[in-house]
Asker: 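Let me give you the structure first, and then I'll get to my questions.
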Amino acid sequence: MKTAARSWATGLRDRVVASDPGLLRLTAGLRTVGAIALTLAVLSVLGANVTHLVAGAIAAMVSTFAIREKQRGPQAVTLALGLPVAFASVSLAALLSSRVVLGDVFFVVLIFCAVYGRRFGDRGTALGLIGFQVYFLSLFVSATRSTLPGFWGAIAVAFVCSAVARFVLVPQTSAGVLLRLRQAFRARLAQLLDAQLDLFDAGPDEAAKALERVREGTARLHETAMMIQSRLEEGTPDEATARLVQRRVADAEIAAERLGLLLLTARGAERADTLTLHLPGAPVPASGRLPVREEATDVLRRDLRALGLLLRHPVADGTGLAQVRNRLLGYREEENLPSASPAVRDVFRGVGEAARAVLGLRIALDGPQDESDDSPETARSREELDAEDAAIGGEEAEPEQATGLRRPTTRAAVQVAVGSSLAMVGGELLSTHRWYWAVLTCWIVFINTASTGEILVKGYRRLLGTVLGVIAGIVLAGAVGHHTWTAFAVVLLCVFAMFYTAPLSHTLMSFFVTAALGVLYTLLHTYSLSVLVLRVEETALGAACGIVAAALVLPVGTDRRTNELLTTVLDRLTDVTEGAVDQLSGAPAADLLDRARDLDQALADLRAATQPLTHPVTPLRTRRETARYVVALLETCAYHARSLAATAELLPTHPSIAADPRLRTAGQRILHNIGALAAHVADEHGAAEVRTGPSVAALLQPGVAEAPRYGRVTDRVLRHLQRLDEAVVGLARPLEVPVAHPGP
């Protein structure tokens, strides 16, 4: 009974940790709700009226979510600087409330400065956001010169309560966040292994759904790896530890993806490609037929379950888990592989490599382990890991920065100022009292967007969430009536839901914001159905003004944006491939892991930028499928380049790898083709061509039909190079790059 309860609790914890890596969304929601609740409690004790309670609640929310620094010291400084910014903003709004034209002009200038401030990093972004939102707050509660002292007091209380919530009630340290992200990585890796086992066992009818779960698990694991990468510098005590964790996370991610590919291959008659894992809707190879029933597959099924068990539980001295670990690591040696078909034997090898990655991850995250029960294979794996740890090092390069109007923050500031001016004029035609909703929407659709298409999609989502939120607001307003504390409790629930869902869906966030506003209007005795309808109208107007400004003022079209990011991805792919091939060919060691993560980040940016093209409502179906196919092929390229980089970094320490100068010849054609793709994207009328020719193995052994096997690891290098070559050539068709075929 206790064991079952403990297992259920562990499973529930893993699901929670995996669904919210680092518990970042939960922390954001709890911290904001805590700040608001504490502010309301203090203000109520001080005898504040409902208007000041509402103002304090909004100020507490703003001062909490605006702070984005990752370390506590900078957070405190920004919060302290935010208070005088908030005082100045509410004061100017109150003083200019009777001077409409001057107030509107100042608001536009404030909006420009707030957006332009993003170029100064997290602190500039936070102070700009506080200034804008507090000015909006003063318009919402109709602050005037006579009521100004009361609002000063409410805002001061809100900032103090925000600090208490941040540093006392819901504290969060960089090391703590990184620890929870590491736990999430383990949980998501375990979930991916479960999905891969389901795929291995799935019948023909269930194979497509099982493959989709593997795709989702692979993407979620990669997302968590990227989140860990962004937190390493602040969350680890020194650079060496950061790079060690980075390396072990990358190893585990690559090993899990490779294991998935090997399982797919074991199901079918042909070798699977990473495109199957990256392209939505790609079929299971060979119609997803079940593997031939043989004794080895039962052993493999048992070992896949054991690998998940090894990942979820610590290896204690004298337990059976130590023997499980030894058995799985033994599959790294050819003599320990069971008799089976070549494809199934490859899966056993993949299990052994995944077990090694899990061991390295455990040592990096949990420190030294008990070695008393080690088998010779396990001891050898530990020696390899220790040698790799000692060789880790590298430097980072500073990215090139744009200047003038090419700088994204400057361009966005001009666009938002123009859009807000249009929204202000149009909003006042709709309502002289609530025009600011249009301005707020125009502001929001520009946040974290960089092209007209992205702004269009975000505006659509904002409007949809607002319409649904109005319906919910009508229901909630009728339910709570004028019961002040019941209404505030509902608002707190909506605020928590807003922050918990914000990273997942802008539509849901807008829904909860609008629902909360319906309740706040009830508290301020300004609620009516016409007010909520006006909210929808102002939202639609603000979104339209934002789209018009983005399309007409310093426009960045979706095609231009995606082409720029596609060029960046290809440049990063060149950096990783060239560095890996050079190092595998005998060149001095380079910092390949950071290059690989730069490639991953560039690909993530491209994936986000293509959302307007891949959105379900887009009318351009062919273009949507092309965008998906290109991104999937690039993800395939990134996987193989990442694997080559990881293998190259093993070169100085791994006994199974030796530098081979002939690899440079194989890499030259791949690098030429990547450069040709980039040149064509930059100038579609250029003369760049993609070259095809003999396989990579044939390039290494001219005149020989099939290259000899150089050993398992070198074989893997050749396979990654061949797959990378094929994927790069495959990009030529959707990108419409000419292909030069070799002569007879």
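Only this structure's heavy atoms are used, side chains among them; waters, hydrogens and symmetry mates stay out.
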Asker: Tell me if the aromatic rings of Phe106 and Tyr135 count as close, with their centers under 6.0 Å from one another.
Answerer: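 Ring centres of Tyr135 and Phe106 closer than 6.0 Å.
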Asker: Could you measure the distance from the CG atom of Leu422 to the SG atom of Cys442? Nearest 0.5 Å is fine.
Answerer: 7.5 Å
Asker: Picking from Trp437, Trp435, Phe107, Trp443, what satisfies ring-ring contact (aromatic ring centres under 6.0 Å, His included) with Phe136?
Answerer: Trp437
Asker: Knowing that exactly one of Val467, Leu463, Val445 qualifies, which makes a side chain to side chain contact (heavy atoms under 4.5 Å, CB included) with Thr539?
Answerer: Leu463
Asker: Val177 versus Lys70: any side-chain heavy-atom pair under 4.5 Å?
Answerer: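 Result no, sub-4.5 Å side-chain heavy-atom pair not found.
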Asker: Could Arg123 and Glu69 be called an ion pair, given the rule that one side-chain N must be under 4.0 Å from one carboxylate O?
Answerer: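 Judged by the 4.0 Å cut-off on N to carboxylate O distance, Arg123 and Glu69 do form a salt bridge.
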Asker: Hey, could you give me the OG/CE distance between Ser420 and Met424, rounded to the nearest 0.5 Å?
Answerer: 6.5 Å
Asker: Backbone N or O of Val470 within a donor-acceptor pair of the Thr514 side chain at under 3.5 Å?
Answerer: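 Answer holds: no.
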Asker: Are Phe511 and Cys494 side-chain neighbours, meaning at least one heavy-atom pair lies under 4.5 Å?
Answerer: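 They are not in contact (no side-chain heavy atoms under 4.5 Å apart), so the answer is no.
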Asker: Is the backbone of Gly427 close enough, under 3.5 Å, to the side chain of Ser431 for a donor and an acceptor to pair up by distance?
Answerer: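 Between the backbone of Gly427 and the side chain of Ser431 there is no qualifying donor-acceptor contact (under 3.5 Å).
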Asker: Between CG of Leu221 and CG of Leu189, what distance do you get to the nearest 0.5 Å?
Answerer: 5.5 Å
Asker: Using only atom types and a distance under 3.5 Å, with no angle test, would you say the side chain of Gln133 pairs donor to acceptor with the backbone of Val62?
Answerer: no
Asker: Going by heavy atoms in the side chains, are Ser162 and Arg31 under 4.5 Å from each other?
Answerer: no
Asker: Any ion pair linking Arg220 and Glu223 (charged N to carboxylate O, less than 4.0 Å)?
Answerer: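 No, Glu223 and Arg220 are not salt-bridged.
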Asker: Donor-acceptor check, side chain of Thr432 to backbone of Glu428, threshold 3.5 angstrom: yes or no?
Answerer: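 Answer holds: no.
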